Every structure is written in structure tokens, then in C-alpha cells.
2 protein chains.
Amino acid sequence: MKLHFSPGPSQLYPTVPQHLVSAVRSEIGSISHRGEAFHTLFSDTVSHLRQLLSIPTDYQVVFLSSATEAMERIIEGAVEKSSYHLVNGAFSKLFFTVAQDLKKDATAYTFTDSDFDDARIQVPREAELICVTQNETSIGMALSGELFSLLKARYPDKLIAVDIVSSVPYITLDFSYVDFVFFSVQKGFGLPPGLGVLIMSPAAIAKVNQLAEKGKAMGSYHQLTKLLAGAGKFETPTTPNTLGIYLLNNVAQDMLFKGIHHIRNETEGKGKLLYSFFDNKEGFRPFILEKYRSQTVIVVEVKKGSKNVIDRLKKQGIIVGSGYKEHKEHHIRIANFPALSITDVQKLLSFL
Amino acid sequence: MKLHFSPGPSQLYPTVPQHLVSAVRSEIGSISHRGEAFHTLFSDTVSHLRQLLSIPTDYQVVFLSSATEAMERIIEGAVEKSSYHLVNGAFSKLFFTVAQDLKKDATAYTFTDSDFDDARIQVPREAELICVTQNETSIGMALSGELFSLLKARYPDKLIAVDIVSSVPYITLDFSYVDFVFFSVQKGFGLPPGLGVLIMSPAAIAKVNQLAEKGKAMGSYHQLTKLLAGAGKFETPTTPNTLGIYLLNNVAQDMLFKGIHHIRNETEGKGKLLYSFFDNKEGFRPFILEKYRSQTVIVVEVKKGSKNVIDRLKKQGIIVGSGYKEHKEHHIRIANFPALSITDVQKLLSFL
């Protein structure tokens, strides 16, 4: 078996194979999404996610097919005219593009790790939603939780949407400052792809309902009002990825059993090991300034080009990601997700 | 193990458990959706579907997360102003509702098995797309393939969209008369839910491109232009349900090995057994007139109410569907999909 340090899809959480066996045994692929077994599965999954991520009880949780779908549903369902975006990489730019595709008046503050300055976040009066990619998977840049309290203090009437795709479940988020939070399951949860999770605050829900009452076009089968109405009775509007939800439920439970503090400490231990290795290794250099370094997606510049390193590791059965788009040739990206242990990280480093 | 005669999610195809084992072994849940292994998987799956369903080579195949999503993406991407719908049950009505949700000028011909008359299909001049549910899962009514040649002859300039969700792979469709064809995998393919397939004709693709050039709002991440561009390089616009595609590829291959003619003959044999049983059984009556009876979803009226029958079968480990919505209390619905054998059908009938 290989070690997948690729930042999503990534290494499966070690318990996934046994949960697939139990999924077959309990015939989860055949259950009706309108029946009691599914209601229990939905309710259990939400409850485990609430415990694991400290999601307040008045926040609603719904299931989508990907994090990218979450971007579309949020813009479609909660932005009447205008959104504002913090853009520092490919995925924050994607969120911005989704708003443009949906013909919203979208503006952005574009920055890098070396010029980021929260004083330059100037949200226009008409913007209804501020979109932030907390952990930018394309370059491994993380924004601190304090940013959200600052934004909420400065713009108390605006909603805040946060992409935590590649930092969940490591990230500790104070939900009182944020309104839409979303992720997919093929990164930190170590699951096969094909499922997204969207969490909504009471203010977010109020805004969605307000736009729906105005009769605005806001998609159809997965419009947020239908997702929320479904969640109220532990259902999805259409037949969902039941197997994906089943696996998420079980892995969330495994993580609760292990302890989220333990997982977070381990992540920081492995992150420290990785960064200090690359800080001191000739020919390599962490791409992001220390202050903004992601603990979960470690992006490293390789002086002589990344292809050779990627191929060399591959021969040892170790998969790391290449750089994203324009960085393809000179970056490697290493996922530091809970599925991989400190021994796995040591093994990776031993080959460099 | 139970026998799931429920019409979707339904009984898993017998080979699914072994394919799940091989999925774990080949680490399919961890592969990059931008890498060679995924390109091969995409290409193989499309190729197997083409062979199995006789899809012409100039028709494109793309992956979505459900059949309901297909309805939304078709209306969003191919209808500028107006669509026309044949409505005879809950799922054809859903297609109609999707068009209304997306603020299209949608009109419908509503009919039942006893009053269906193709002379009453009067498609308005301005309608760009005719939407037909070939096999209405809610009531077990099937429309014959001849309808599509008739519609295409009568309306050569209009596009035709066909829902074959619960008749695939049994249905033999002449693709030259239709432009959008879609299904999900949790019915006739016997797979866990969470994946939809959409097939597009050259005329459908031309219309989508024409609307895109006009700069019409047509969704974002899964807009048809992006799905088509992705398919051209065997990719999806966003991380897909890779495991679902893997299982579909393998089951399509198993079905090819068994032979589609064989599968269709078996389906008709089981269908005949079921209908003749209920035609002659006191207290039961097939809901649909013989001419329009679905071979794959058999809906039966139960004189004394369906609950008792459903519960009695459940005690024997046999799951059948209840009636859909307003028919809940007095119908049973029996899926006649390839995953269940004639012996399974005989077992079901032996308990009635």
C-alpha cells in the first residue's frame, strides 16, 4: 500500500476499509433515503460533527456533493446582488468566479502572505457576504481565527462564509463569528470524495429565507431552503451519497473516540517536523511566511524543480502533490491530515 | 441478508461487495482526479456505458451527483426561455418544477395511462426543449420508444430530454431521436446512490454552447460547458464521487460480460411473472393499463391497503416500496432490476 500525502483526495483514514465492510453487511447502499435507518444516520452524523467541531446547536448542517457545490449554493441562496472575496490562491479565486458566473457584483481583495494587511480589507457597503478561504490548499496559506472576530466586529451586518476544506477537523473555529462554513470529506476526514458539508448560522438561515420570500431565482433541487427543510426531518431533498455519509459518520465517531485534542496535537507535531525539516534542508524552502503557514497543507518550493522529487518519492510508494497550476513545476504539496501518522511523516522525510 | 425490491436505492448488484474490496486494494479513494489513473477510469466507464447502452460515439457522457441534478443542469444550460413537459407522476412533475424554480416559462401536458393521447402533445412554438420521463418511477408507467421518433418527426427543431432513471439498462433507446438522456446509478445498476450520468447529443451540445456564448447565467461549477470541457480530457470540473464511478465501471463491465440481451430477457421474464401473478391474485391489481406497464417498476394496488403487505414481507426479509406520496397507503412498488434473480422474485411471490 502506498502512502498518499497528496492534499485531497488523500490517504484514507485507517478505519475506512473496515467501515466499508460493515456498510455492505448493514446494506447501507440499499436503504431508502426516506426511511428510519437513513433518518438515524443523518441525525447521528450531524451529532458527531457537532461534537467534533463544536458546532452550536442552533447552526444547521446539510449535505452536498462537494465543497465547490457549497460555494455555488451559498452565493445562489444568500447573495442577492453583491459579494466580497478575500483572494489569495486558486480556491479563493474559484469562490470569486462562482459569484461572477452567477452574475453577482463580486469584488475582491487580492493578497499574498507577504502583503496581507487586514486594514486593506475594505468591504463595500452593498456587499452582503464576505467570502474567506481559511486554508488555501493551492499554496498552503492559513488565515488565523482572529480574522473572523475582527471582520464580524467591523462588519456586524454582513454574513461571513468560510472555506475550511483542507483544515477540518484540525481548525478550531469560533462559530459565533461566521455564518456559512463548508468542507468536503476527502481531505482531513480521509474519505473517498463525493460529499460536501455545509454549516449555517441562524443569521445565514434568516437571509436565505428572506431571499426566498422575495421569489429570487436560487437554483432548484439543492436550493438552501430545500436543504434546510430536509435537514429539519433528517432528510436530503434528493437521493444522497448515503455511503459517503455513513463513512463520515463512522470516521467522525472514530475521531471523537481518539479525541480531537489528541488529533490537533498530533497534527501540530507532524507540522513542526515537516516545516523544520524543509527550513533546514538545502534545495527546499517552505513557500509561505511562518506567520501564515498552514499546519495541514505544507507547500514547499524545490529549487531544482519538483518533478524529480515527486518521481523519486513515488518509486518508494510515497505520493505527494505537485504544485497547483502555475506552481506545478516548482512546488510540492504535502497533506498533513489525521490519516497519516508521525511514523509515516518520518518515512517520507527519510527519503529526501 | 434482505432482498431489496424497493425501487431505488435498491438491491446492490451481486458483484458490488467484491468491487468494494478491490477499490480499497487499488486505493481508488485516494487517487487524484487530475491524474492518469482517474483519466483511465473515466474513459473506461464511458466506453463500457457506450457499449452497454449503444450510445453513439458523437454523444458525450458526463458525471453528476444525481438524476435530479441532471434535470437542473439541463434546464439551466439548454433552455433560454421555455420548456415543455410531459407530466404523469411525481418525477416528471419534479422536472417541470425545476424549470419553474429556474424561472423558465414552462408548460406541461398532464396525463394518465387511461387518457394519454399523443395527439394532445401540443408543444408551443417558443418551447426549446421537450422533457419526457420515459419510466415514471412513482406509478410504474412506461412510454414506448416510438414516442421519441414521433416527437422528433413532429418537432425536428426542438431538443428532447429523457429521464431513464428507473428503466436503464433495460430500456433500448434509439439515441438518434433524443438529445439529453440521464439516469442515476442506484436503480437498475444496483449501486449505492450518489452518482448521476448525463448523455448529450451533438445538437444538445450546440445549443448549450450557443447559450454560453450569449453570456446567459447557467450555473457555475457544474455548468454543462464546464462538464463537457472536462469530459474532453476525461476529467470532472470538481472532485467527483470517484468510488461511485469505479463501481459503475465495474458493474457495467459485469453486465457486458453477462450480455445486455440476456439481462433484458431476464427482466421481461421476471416482469411477466410479476404482472401475471398480480393480474390473477385476489386483492391485488396492477395500477397501470397493460399497454403502459413498466417492466422495471411494477406498481400494484392493494385493496385492503399496502401497509399490511409491506410489513408481512418485511418480516420475511423482503423489502418492497410503498406507494409514492398520495398513493402511499394503497400501492406497493416492486423494482424489477437486474440485481434480483427470478428465484428472488419467486421467493417474493411465495409470501403473498
Side-chain angles (χ1 to χ4, degrees), chain A residues 1-2 4 6 8-12 16-17 20-21 23-25 27-33 35 64-69 71-72 75-76 94 97-103 184 186 190-195 215 217-223 237-246 319 321, chain B residues 1-2 4 6 8-12 16-17 20-21 23-25 27-33 35 64-69 71-72 75-76 94 97-103 184 186 190-195 215 217-223 237-246 319 321:
Chain A
M1 298 294 266
K2 298 189 193 83
H4 295 267
S6 41
S10 194
Q11 183 78 11
L12 293 188
V16 169
L20 278 171
V21 171
V24 169
R25 201 177 301 134
E27 303 176 24
I28 210 74
S30 302
I31 65 168
S32 166
H33 56 295
L64 295 165
S65 60
S66 67
T68 320
E69 183 180 12
M71 295 180 191
E72 176 159 335
I75 298 288
E76 185 177 75
L94 175 61
T97 306
V98 167
Q100 291 178 314
D101 281 345
L102 298 176
K103 312 295 177 193
S184 50
Q186 74 273 16
L191 296 173
L195 185 68
M218 49 200 297
S220 177
Y221 83 110
H222 262 184
Q223 58 181 238
T238 192
T239 322
N241 181 351
T242 315
L243 181 59
I245 298 173
Y246 176 87
I319 312 296
Chain B
M1 299 292 265
K2 298 190 196 83
H4 295 267
S6 41
S10 193
Q11 184 78 10
L12 293 188
V16 169
L20 279 170
V21 171
V24 170
R25 202 176 301 134
E27 303 175 25
I28 210 73
S30 302
I31 65 168
S32 165
H33 56 295
L64 296 166
S65 60
S66 67
T68 320
E69 182 180 12
M71 295 180 190
E72 176 160 336
I75 297 288
E76 186 177 75
L94 175 61
T97 306
V98 167
Q100 291 177 315
D101 282 344
L102 297 176
K103 312 296 178 192
S184 50
Q186 73 274 16
L191 296 172
L195 186 67
M218 49 200 297
S220 178
Y221 83 111
H222 261 184
Q223 58 181 239
T238 191
T239 323
N241 179 351
T242 315
L243 181 58
I245 297 173
Y246 176 87
I319 312 297

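All values derive from a computational prediction rather than experimental measurement. As a basis for the values below, the full set of heavy atoms in this structure was taken, side chains included, without hydrogen atoms, waters or symmetry mates.
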Measuring from [X]:[atom1] to [Y]:[atom2], what's the distance to the nearest 0.5 Å?
| X | Y | atom1 | atom2 | answer |
| --- | --- | --- | --- | --- |
| His4(A) | Ile31(B) | NE2 | CD1 | 9.0 Å |
| His222(B) | His222(A) | NE2 | NE2 | 12.0 Å |
| Leu243(B) | Leu195(A) | CG | CG | 12.0 Å |

| Where do Leu12(A) and Ser30(B) come nearest, in terms of heavy atoms and distance? |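 So the two residues come closest at N-OG, 3.6 Å.
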| field | Over all atoms of both residues, closest heavy-atom pair of Gly215(B) and Lys103(A) | value |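 The answer is O-NZ, 3.0 Å.
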Heavy-atom contact with chain A under 4.5 Å, split by part of [X]:
| X | value |
| --- | --- |
| Ser10(B) | backbone |
| Pro240(B) | backbone |
| Ser6(B) | side chain |

Hey, which of [options] has the most heavy atom pairs under 4.5 Å with chain B?
| options | value |
| --- | --- |
| Gly321(A), Ser66(A), Pro237(A) | Ser66(A) |
| Gln11(A), Gln186(A), Met1(A), Met218(A) | Met1(A) |
| Gly29(A), Gly244(A), Gly190(A), Ser184(A) | Gly29(A) |
| Met71(A), Lys2(A), Gln223(A) | Lys2(A) |
| Thr239(A), Ile245(A), Leu191(A), Ile75(A) | Thr239(A) |
| Pro192(A), Ser65(A), Pro193(A) | Pro193(A) |

| task | Please lay out, stage by stage, how Thr238(A) and Leu94(B) fare under the test side-chain contact (heavy atoms from CB on, under 4.5 Å). | result | CA-CA 11 Å; Thr238(A) 192; Leu94(B) 175 61; 5.9 Å; no
| Side-chain donor or acceptor of Glu72(A) paired with backbone N/O of Gly219(B) under 3.5 Å |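 No, because the side chain of Glu72(A) does not come within donor-acceptor range (under 3.5 Å) of the backbone of Gly219(B).
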| With chain A, which of Gly8(B), Ser220(B), Gly194(B) has the greatest number of heavy-atom pairs at distances under 4.5 Å? |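 Most heavy-atom pairs within the cutoff with chain A belong to Ser220(B).
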| Using a cut-off of under 4.5 Å for heavy-atom pairs, which of Thr68(B), Thr242(B), Val24(B) has the most such pairs with chain A? |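 Of the candidates given, the most pairs with chain A belong to Thr68(B).
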